[in-house]
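Below, read A as the first sequence line, B as the second, and so on, with proteins coming before strands; counting in each chain starts at 1.
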Number of protein chains: 2
Amino acid sequence: MLDASARELDPYQAGCPTRRILDLIGGRWTVLIVGALGEGTARFSELLRRVDGISQKMLTQTLRSMERDGLVIRTVTAEVPVKVEYTLSEAGRTLTEPLRALERWSIEHFSGVAASRSEYESRIAG
Amino acid sequence: MLDASARELDPYQAGCPTRRILDLIGGRWTVLIVGALGEGTARFSELLRRVDGISQKMLTQTLRSMERDGLVIRTVTAEVPVKVEYTLSEAGRTLTEPLRALERWSIEHFSGVAASRSEYESRIAG
DNA sequence: CAGCATCCCTGTAGATACTG
DNA sequence: CAGTATCTACAGGGATGCTG
């Protein structure tokens, strides 16, 4: 649903604030974290395992900015040891579909892109 | 269409080569350039105007990597002065829909994200 | 017109070590 | 368990000046 101000927004204009949001998506971990949370709530350590290769630092940092942006809800349960659960907010859930589409695109077009890359390299080198 | 190798690809695995492709999308200009080329062929200088705020350097650089990855076709016409046209390849066109979805998402959810951010800031500060 | 080359600054991200 | 803190390295990206 577009509110009044949304109609004025144009990402092709330099000053447009939506560019800061495109940046959000640009952070290369966001796509994977949203995907990992698509199946439901997860704890910090679970995410660390699901998103293979992410460091603690980047997971914390990315989750913080996602929380700040209202994409993710963080719930702390005061047990010992502490339990922290992350889940997608309503807004976050609306991101899963577009991001899954990108994920699918990456998988489907990987071999074509790889072929194009090596062909390009040899064309330059040769 | 998934070929045999595609079935093995899982972006949630650290070594997965599709992560390099997600990076491609991460470059924050790619989204806007694909969008700008969605309406058809454009010359270098046209793109420079359409994608407001991009520098010559970044436009060149991003177009090169998109060409290398087979998303964009570059056509040089030997006139004086030179004419260089860019157009989306078949693969590039398949990206327009998913990326437009993200663009729409940014526009539609901007105000919500902005609100969440300021609310978060004041919660921290307070 | 459509670039390439260069300098330089900053943010992103990894590694590592420590704590409530 | 779920972080925080610090140090460091490198790539992303802007500004400027030059060229086929």
Give the table of side-chain donor-acceptor pairs shorter than 3.5 Å for residues 74-87 of chain A, with sequence neighbours excluded, one pair per line with atom names and distance.
residue	atom	partner	partner atom	Å
A/Arg74	NE	A/Tyr86	OH	3.2

For A/Arg64 and C/dT12, what is the distance between atoms CZ and P respectively, to the nearest whole Å? 17 Å
Within residues 67-84 of chain A, find the residues that approach DNA chain D with a heavy atom at under 4.0 Å, and present them sorted by residue number. A/Arg74, A/Pro81, A/Val82, A/Val84
Below 4.0 angstrom, which residues in residues 33-50 of chain A have at least one non-hydrogen atom near DNA chain C? none
Using side-chain heavy atoms (C-beta onward) and a distance below 4.5 Å, is A/Tyr120 in contact with B/Arg64? yes
List for me each residue that meets side chain to side chain donor-acceptor pair (under 3.5 Å) alongside A/Glu97, sequence neighbours excluded, and say none if there are none. none
Mind checking which stems touch DNA chain C? I mean at least 3 consecutive Watson-Crick or G-U pairs, both distances under 3.5 Å. C:1-20 with D:1-20
For B/Arg100, which residues count as a salt bridge (charged side-chain N to carboxylate O under 4.0 Å, His left out) partner, sequence neighbours excluded? none
Short side-chain N/O contact from A/Tyr86 to OP1 or OP2 of D/dC1, under 4.0 Å: no
Let me confirm one number: the CD-OG1 distance from B/Glu103 to B/Thr96, rounded to the nearest 0.5 Å. 10.5 Å
Show the distances under 3.5 angstrom between N or O atoms of the protein and N or O atoms of nucleotides 14-16 of chain C.
residue	atom	partner	partner atom	Å
C/dG14	N7	A/Lys57	NZ	3.4
C/dG14	O6	A/Lys57	NZ	2.4

Result block: side-chain N/O donor-acceptor pairs under 3.5 angstrom for residues 35-48 of chain B, not counting sequence neighbours:
residue	atom	partner	partner atom	Å
B/Glu46	OE1	B/Arg50	NH2	3.3
B/Glu46	OE2	B/Arg43	N	3.0

What donor-acceptor contacts under 3.5 angstrom involve side-chain atoms of residues 55-63 of chain B, with partners at least two apart or in another chain?
residue	atom	partner	partner atom	Å
B/Ser55	OG	B/Met58	N	3.2
B/Thr60	OG1	B/Gln56	O	2.9
B/Thr62	OG1	B/Met58	O	2.6

Quick check: do B/Ile73 and B/Glu67 have side-chain heavy atoms less than 4.5 Å from each other? no
Could I get the full list of side chain to side chain donor-acceptor pair (under 3.5 Å) partners for B/Arg49, not counting sequence neighbours? none
Using salt bridge (charged side-chain N to carboxylate O under 4.0 Å, His left out) as the criterion, list what pairs up with A/Arg19, not counting sequence neighbours. none
Between B/Glu85 (CD) and C/dG3 (P), how many Å, whole number? 12 Å
Would A/Glu119 and A/Arg123 count as a salt bridge (charged side-chain N to carboxylate O under 4.0 Å, His left out) if you check the C-alpha gap in whole Å, the side-chain angles of each, and the deciding distance to 0.1 Å? CA-CA 6 Å; A/Glu119 194 262 333; A/Arg123 203 188 332 153; 3.0 Å; yes
Residues 88-95 of chain A side chain polar contacts: donor-acceptor under 3.5 Å, at least two apart:
residue	atom	partner	partner atom	Å
A/Ser89	OG	A/Gly70	O	2.6
A/Ser89	OG	A/Leu71	O	3.2
A/Ser89	OG	A/Ala91	N	3.3
A/Ser89	OG	A/Gly92	N	3.0
A/Glu90	OE1	A/Arg93	NH2	2.9
A/Arg93	NH1	A/Leu88	O	3.2
A/Thr94	OG1	A/Ala91	O	2.5
A/Thr94	OG1	B/Trp105	NE1	2.8
A/Thr94	OG1	B/His109	NE2	3.2

What's the separation between atom CD1 in A/Ile33 and atom OH in B/Tyr12, rounded to the nearest 0.5 Å? 10.0 Å
Please give, in whole Å, the distance from D/dT4 C1' to A/Gln61 CD? 12 Å
